[in-house]
Each structure stands twice: as structure tokens, then as C-alpha cells.
4 protein chains.
Amino acid sequence: MSTNERRKKEIKEMKQEIIEAAVQLFLSDGYENVSMRKIAKKIQYSPTAIYNYFASKEEILKQLLMNGYSIFLNSLKEGVAKSEEDALSRLKASLNAYIHFGLSHPDYYRLIFIENLHLLQKIIIDEDDRTKGFQLLTELVAEAMNEGVLKKNEVQLVSQSLWASLHGITALLITFPDFGWSDFDGLIRFQVEAMIKGVS
Amino acid sequence: MSTNERRKKEIKEMKQEIIEAAVQLFLSDGYENVSMRKIAKKIQYSPTAIYNYFASKEEILKQLLMNGYSIFLNSLKEGVAKSEEDALSRLKASLNAYIHFGLSHPDYYRLIFIENLHLLQKIIIDEDDRTKGFQLLTELVAEAMNEGVLKKNEVQLVSQSLWASLHGITALLITFPDFGWSDFDGLIRFQVEAMIKGVS
Amino acid sequence: MSTNERRKKEIKEMKQEIIEAAVQLFLSDGYENVSMRKIAKKIQYSPTAIYNYFASKEEILKQLLMNGYSIFLNSLKEGVAKSEEDALSRLKASLNAYIHFGLSHPDYYRLIFIENLHLLQKIIIDEDDRTKGFQLLTELVAEAMNEGVLKKNEVQLVSQSLWASLHGITALLITFPDFGWSDFDGLIRFQVEAMIKGVS
Amino acid sequence: MSTNERRKKEIKEMKQEIIEAAVQLFLSDGYENVSMRKIAKKIQYSPTAIYNYFASKEEILKQLLMNGYSIFLNSLKEGVAKSEEDALSRLKASLNAYIHFGLSHPDYYRLIFIENLHLLQKIIIDEDDRTKGFQLLTELVAEAMNEGVLKKNEVQLVSQSLWASLHGITALLITFPDFGWSDFDGLIRFQVEAMIKGVS
DNA sequence: CATGAATGAGTGTTCATTCAT
DNA sequence: TATGAATGAACACTCATTCAT
């Protein structure tokens, strides 16, 4: 590994370290309350050091969001890829993958789907990135309708309804983890079945 | 009315004025960006005056939350009361009332169900208040099962699933109002029908 | 004196105190290096206290400039008023008053006539205020020409030349007080005489 | 050219590049707002690279000042050299050269004669350098007196008065370029004539 | 010779809050 | 009850400079 490569890797690592700290703080303190100082303290650096890696606080959040989108999309795709059988299985797999992403990365899920609003007024993200996940869902729904395993209906309408139910279970579990949920896994299974049945 | 009573009423009015200003600012500026100064400016008082009515910023938010719960519960109850026929109608009415509350009071809905987490770490709210709405839903579900219009099943499980789907559609519409939703009302109707069908 | 009047006066005093500190610091540290913190330290207040009296740093400087203009104009007028005899005396009196203002208020003189440039790009001051002094000079020159004690010539040209020579002696004495000037007062007298002779 | 000599030249070139960038920035952004970062950016080097050529920001400014003095003196000398006839012509030539220097190098003029004060508190410059220009003027004045074209008088007094008037016209034109000056060139000619007449 | 990393001090400003009146 | 004055902490960010490489 050349010195150059070494350095490059270190930069990446440092950037990652910063982002990870930012994500964690975001989760615990709320987006607006994460300050450069706090991030710096968490990684044991001076506040100014961060500016060697990110031009501004906004830049950190931008990168952080893009990370989230990337993980989100990959999670969905991987989930679908694993079950290549029939259209319905693939659709179910995507629904489960969505929920699973949320529960595995609650911080990113919040960032992307829950606290989104005020962020996006300032930070312009490639719109495609945000909707690619939904597009994937739409395709799977259309596929399932074509194969006759889902009642023919307006694809958009059905997809949006499914997204809504997905978001509901994911967001609630993340936001109120201490609510007396009757068996996490059972609830999720039930919800997915109910969703499919509801639009069948 | 005694002087004492009179004063009490004035205090209430002032408190209400403060809270209303806070809610509006919360809606327009985002929760974290609402400051005592801004609230005070909005109601044309000095920042310090507010401290005569609320001990701290937190106290305002607490009261504000309680107001929200109150409106939420009343909305649900009113929705149900209007349709006193059969259990299924009553259940559907409650589902619609829930969504309607969210869309009519997006600020309160966000406060109670979306941005909840960080607030609750500091502000301890009577847990009952938060769950009364869910209890109402549970009762209606049980009722519907008893009347045979809903498949007998674990009441808790079904109720939680329904809440999730309710929250999903409501939160998404609030958080992403500019997403290309296919006909707001149509989507809501579809979602409610799918929810019922899903758990039937 | 009513409480109100008392308070008003205190506010004025505090404002004055702030401005005086600012002027002094400006003189010793240079305009760009005067910070709110330094001003605050000088008057033994917290940096934030200043914001109760001035909305911003710019606001302080604006006020400070306006003070300077006011003193400048008054100095000129007073100087002229004292010698009401003939036009030439009045003109000479104004020239002496100009220099005297500069030497009595070197800080303000610098602010208005020396370091002006970058300030005024941001702070917009009523243009009239800046040029009233020059207008007064112009009037006195015209008067002197009319009375025949000054050679008829372009009033603007002569006035501008006189202003230049006035500024030169004033600015040099302020900027280089330790240069080996041959007798301050003698030099000033000589300069004024030379100026008059030069345009006669 | 030996390697050593070569290196020396490269160092000089780099130093010159830095100084030129600094001068330009000083002119456009104002002296206090020129930072090492900005200088480095302008010449496409890293901020730290500069420290190989100048020990500090102050050092740059010192060199910059010395450059200015050098140009100033040369300008004066050249101006005088061109008109070698009689003493009065030579004196006038020097006056015009002074003003011309100021208008051709407003940035240097400001540095040397206008904003001088605060710099000099920190940067100690060989006093001779600063006063050589004035000495030249003094010599020309003495010469003119000796030749009888200027009234015999205290050489110092007359020279200082002349310098003042020179500085006045130059500084005003630089500091207030947008003031409604009645024909730049005409004003300068008038001023020089008035100055000579004033001390004749 | 040149650079990226890092830092402590400093910038103007906002904030929630306390206190005397 | 209401307010103006005041403050310490915090904010994002810039700066001149040092150091190891």
C-alpha cells in the first residue's frame, strides 16, 4: 500500500468516524441539537479538526443522508434478491426487508423517513435517491399483479398504501420501543400478512 | 365571579395564548427552533413575562403536549360517537377520525407521535394520557370481534397492527406532503378498507 | 425626574459608554479588530449585555459615525460663528476649525475621513451628513469670491483644493504624530496662510 | 548559474509571487481581511507552504511595505530626473511624481501613508526608509530657495507644508474616488500650482 | 520544498434563564 | 403582573500557526 493509498484510507476512516459519531448523536440528542463541538468531543478531536474533512455541518449531514440512502436501497435489493421464486414471495421479501432495514438502522430510518422535513428544505439531495426505494416497491407490485397473485388495481394506489403500512409499523417500533408491543416478530409477521391480504 | 376567579381565568387565557403561539411557531419553524424569545415576540410580551405562567420552556411543551392529547382523544371520541350503529362502523369511524386528526392538526400529531422520542426523555407525561387513544381502539376492536364482524384473534395484536397502518398513512402524508400521492382522499379510503380487510 | 425619564437617561448613558469604548478601541486596535467581546471587556460588561442596547456591531458603528458627523459639523459652525467679520476671516476660521476638529477628535477624524473606505461599503449613511461640511466650505469660498477677497475662480475647484490641503495637514499630524514636525502650531498657521495665498 | 544561485532566484520568485498576491488582496479586501489562507489560495499553494518563505503574516507585510517604499522612492527620483532644468521645475516634477505614485499604487500609498499607524506599532521598519522621500523633497525645496525661485524661509516648515498638501490631494482622491471631483487632472494641476504659489 | 492534520483562540450572535424593580 | 438588564453557555465557523512526514 503506497503512502498515498494509506493516507486516502485514513481520510476515509476519519470521515467515517465523524459520520458515525454524528449519527449516534443525532439519534440520542435530536438532529438540531447535534453540534460540531459535540461531534468533535465524541471522537476526541478539536472542533476545528472536523473542518479538514467536511466543509460544514451541512456537508456532514449530506454525506450522512447519502450513506443512509445507499444502505437502504442495498438492503431492499438484497432482501428481494434472496427470494427469487414467485412474484408474491419477492414482494413479501421486499416488505420484510424494508422493516428489517428500519429496525437494523433506526438512526438512518429516522433521518430519511421520520425527521426528514426540515432537513430537506436546506439540503438538496438527488430526488431519485429518495424515491428509488419506492420505485422498487412499485415494480414488485406491478409484477405481482401481472402474475395474477395480486388483484389488478391501480399500481400507484396499492404501492402507496403498502408503503404507508410499512412505514407505520417501522416508525412506531422505532419511536416507541418501550410500548408494550405483543411480541415484536409476531407483530411484524402479522402486519405483513395483513398488508398483503388487505390489497389482495 | 370573584376577583380570584377572574384572575384565574385571565391566567388561563394568557397560558392559552402562549401555547397557541408556541404551537404555531412549532409548525412553521420546527420544534427545535422555537425559542422563548420568539414565542414572546409573537404574543407581544417580553420574554420574561412568560416565566410568570410557565416555569420553563419545558413546561410550555408539556402543557402543549397535554393539549394535544386532549384534542386527540376528543377527536377520536367524537368520530366514534357520530356513528353509533354497528361495531364495524364504529371501528371504521375511529380509524377515519384518527387520520383526520392527524391531517387537521399536523403540528400536534408530529409532537405526539412523530417527534415524540426526545421530548419524553426529559418530559414525563402521564403514560395513561398517551395510551388512552390506543385503548379506545382496542375496545372497538374487541367489540367488533365479539359481534363477529372481525375474525376472532388476539385483540392486542390486531389493534397494534391497525395502529401501525393508521400511523403510517398519517405520518407519511404529513411528512411528505409533496410526494406525488395519487388522490389524497382516495388513498385514505383505500387504506382504511385494506386495513379492515387485512385483519378480517 | 420620573422613573421613565431616569431609565431613559440611563440607557443613553450606557449607550454612550459603549460608544466611547468602541471609539477608543477603534483608535488603538484598528476598526476591524474591535470585537464585541473587547468592547464588553472594556466597560466591564458581558458581551451579551451590549445587545440590549445595540442590535449588532454594525449598529454601534453606525451610531458612532453619526456622532462623529454631528461633532464635526458643529465644530465647523461654531468656528465660523465666532468670527463674523468679513468673508475672508470667516473662511480662515473654518479652515482652522477643520484642523482643530481633527486634532481634538483624532479618533472621529480617522473614522470619517481616513479609514472610511471599507466601512461605507456596508454601512449606508445619509450622504448629506457626509458632505455638509464640504458644502459649508464651498459657501464660504463663494462668499469670499463675491466679496472680492478671493480671486474669482471655479468655486468647486478651489473648495476641493482647499479641502485637500486641510485634510493633508490634519491627517498627517494625526497619523504621524511622532514625525519631527517643526512646531505644531506654527506649521498649522503657515499651512493656512499658504492655502489662502495659493488660491488668491 | 550555480544550483545555489538558481535556488536563490526561485526563492525570490516565490516570495514575489506571495507578495503580489498579498498586495492584490489587500487592495480588494482591505488590509485586515487578508489572511494567510486567502493568499495561499490565490497562488494555489497550501497555507503552510508560505511559512517556508515568510516566518509570519507580519513578515509578509514588512516585506510588502519595503517594496512599497522602494517603488515610492524610485517613482520620485524618476520624476525628478526627467526634468533636469531649473530647480522649480524639478520641485514641481517631484510634487507631480508624488501624486502620481499615489494614484498609480493606491494600495501601497494607503499602506505607507494612510493606514500606517497600527502596522507600525508591531512592525519596526528602518525609519530612514520612510523618510527618504521627505528628505528628497526637502533638498529640492532648499535648492529652489537657493536659486531664488522660492522665497527664503524655513526649509523644514515649507517642506512639511508642501508634503501635507500633497498628501491631502492624494489621500482624498484615493479614499473617496466617487466624490464628485471636478475633473481629476485639472484639480491636481490646480493644487500643485496653488501649493507653489502658497509658499512662494 | 511542500503538505495535510491539528489546534487554541477568537468572531458575531442567540439562547434560556435570573434578578431587581 | 410585567419588564429591562444582565449573564454564561453555546452555536458554526475562521484564523495564524505548529508539527510530522
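What's counted below: heavy atoms across the whole structure, side chains too, no hydrogens, waters or symmetry copies. Note on naming: letters A, B, ... go to the chains in the order of the sequence lines (proteins, then strands), and numbering restarts at 1 for each one.
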Heavy-atom distance under 4.5 Å between the side chains of [X] and [Y], does that happen here?
X: B:Lys12; Y: B:Gln16; value: no
X: C:Ile18; Y: C:Tyr45; value: no
X: B:Thr175; Y: B:Ile114; value: yes
X: D:Leu64; Y: D:Phe26; value: no
X: D:Met36; Y: D:Ile60; value: yes

What is the distance from [atom1] of [X] to [atom2] of [N], rounded to the nearest Å?
X: D:Glu59; N: F:dA16; atom1: CD; atom2: P; value: 15 Å
X: C:Ile11; N: F:dG4; atom1: CD1; atom2: P; value: 9 Å
X: A:Glu58; N: F:dC13; atom1: CD; atom2: C1'; value: 14 Å
X: D:Lys41; N: F:dT14; atom1: NZ; atom2: P; value: 10 Å
X: A:Glu32; N: F:dA12; atom1: CD; atom2: P; value: 10 Å
X: D:Glu13; N: E:dC1; atom1: CD; atom2: P; value: 14 Å
X: A:Ile60; N: F:dA12; atom1: CD1; atom2: P; value: 9 Å
X: A:Phe54; N: F:dC13; atom1: CZ; atom2: P; value: 13 Å

Using the side chain to side chain donor-acceptor pair (under 3.5 Å) criterion, which residues pair with D:Ser70? Sequence neighbours excluded.
none
Identify, with sequence neighbours excluded, every residue that meets side chain to side chain donor-acceptor pair (under 3.5 Å) alongside C:Glu59.
none
Apply side chain to side chain contact (heavy atoms under 4.5 Å, CB included) to A:Thr48 and list each qualifying residue two or more places apart in sequence or on a separate chain.
A:Ser46
Dot-bracket notation for DNA chain F, counting Watson-Crick and G-U pairs under 3.5 Å, with | for partners on another strand
.||||||||||||||||||||
Would you mind building the protein contact string for nucleotides 6-11 of chain E? One character per nucleotide, 5' to 3', B for base within reach (heavy atoms under 4.0 Å), S for sugar-phosphate only, - for untouched.
BBBB-B
What residues, two or more places apart in sequence or in another chain, satisfy salt bridge (charged side-chain N to carboxylate O under 4.0 Å, His left out) together with A:Lys38?
A:Asp29
Residue-phosphate contact under 4.0 Å: B:Tyr51 side-chain N/O, E:dT17 OP1/OP2:
yes
